[in-house]
**Student:** 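Here it is, the structure in full.
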Amino acid sequence: MRPPRTSRPCRRPRSPALAALDGLGLDADTAMAVYGTVTAYVHGAVDSEIGLTQLLRARGRSSREEARAGLASQMTWLMSTGR
């Protein structure tokens, strides 16, 4: 089990992520808003990937393709219902 995530992202002074925003003509507030948005997206994407990997392991699947093949009949039925 993973340790709980803190609600505060790591913000190092002059991090490479902030340095990438230099030269775009953004004021400090806008740059931090962009940085926060991208950080939240990346954290969400990583959490999603970790959750999917954990689910695959828990269900005894070794890859997404194996999971997709195993669920194909259920997904076909679900899609045919129009739900």
**Student:** Look up atom CD in Glu49 and atom CZ in Arg64, then write down how far apart they are to the nearest 0.5 Å.
**Tutor:** 4.0 Å
**Student:** Using modelled atom types and a 3.5 Å cut-off, is there a donor and acceptor pairing between side-chain atoms of Ser48 and backbone atoms of Gly44?
**Tutor:** no
**Student:** Is it possible for you to say whether Val42 and Ile50 belong to one hydrophobic cluster, with membership spreading through side-chain heavy-atom contacts below 4.5 Å?
**Tutor:** yes
**Student:** Nearest 0.5 Å, what's the OG1-CE distance between Thr37 and Met32?
**Tutor:** 10.5 Å
**Student:** Could I get the full list of side chain to side chain donor-acceptor pair (under 3.5 Å) partners for Ser62, not counting sequence neighbours?
**Tutor:** Glu66
**Student:** With a cut-off of 3.5 Å and sequence neighbours excluded, list every side-chain donor-acceptor pair involving residues 68-75.
**Tutor:**
none

**Student:** Kindly give the heavy-atom pair with the smallest separation between Thr30 and Leu26, and that separation in Å.
**Tutor:** CG2-CD2, 3.8 Å
**Student:** Hydrophobic side-chain clustering at under 4.5 Å (ILVMFWY, transitive links): who's grouped with Leu52? Put none if nobody.
**Tutor:** Leu56
**Student:** When clusters are formed by joining ILVMFWY residues with side-chain heavy atoms under 4.5 Å apart, either directly or through shared neighbours, do Trp77 and Met79 land in the same one?
**Tutor:** no
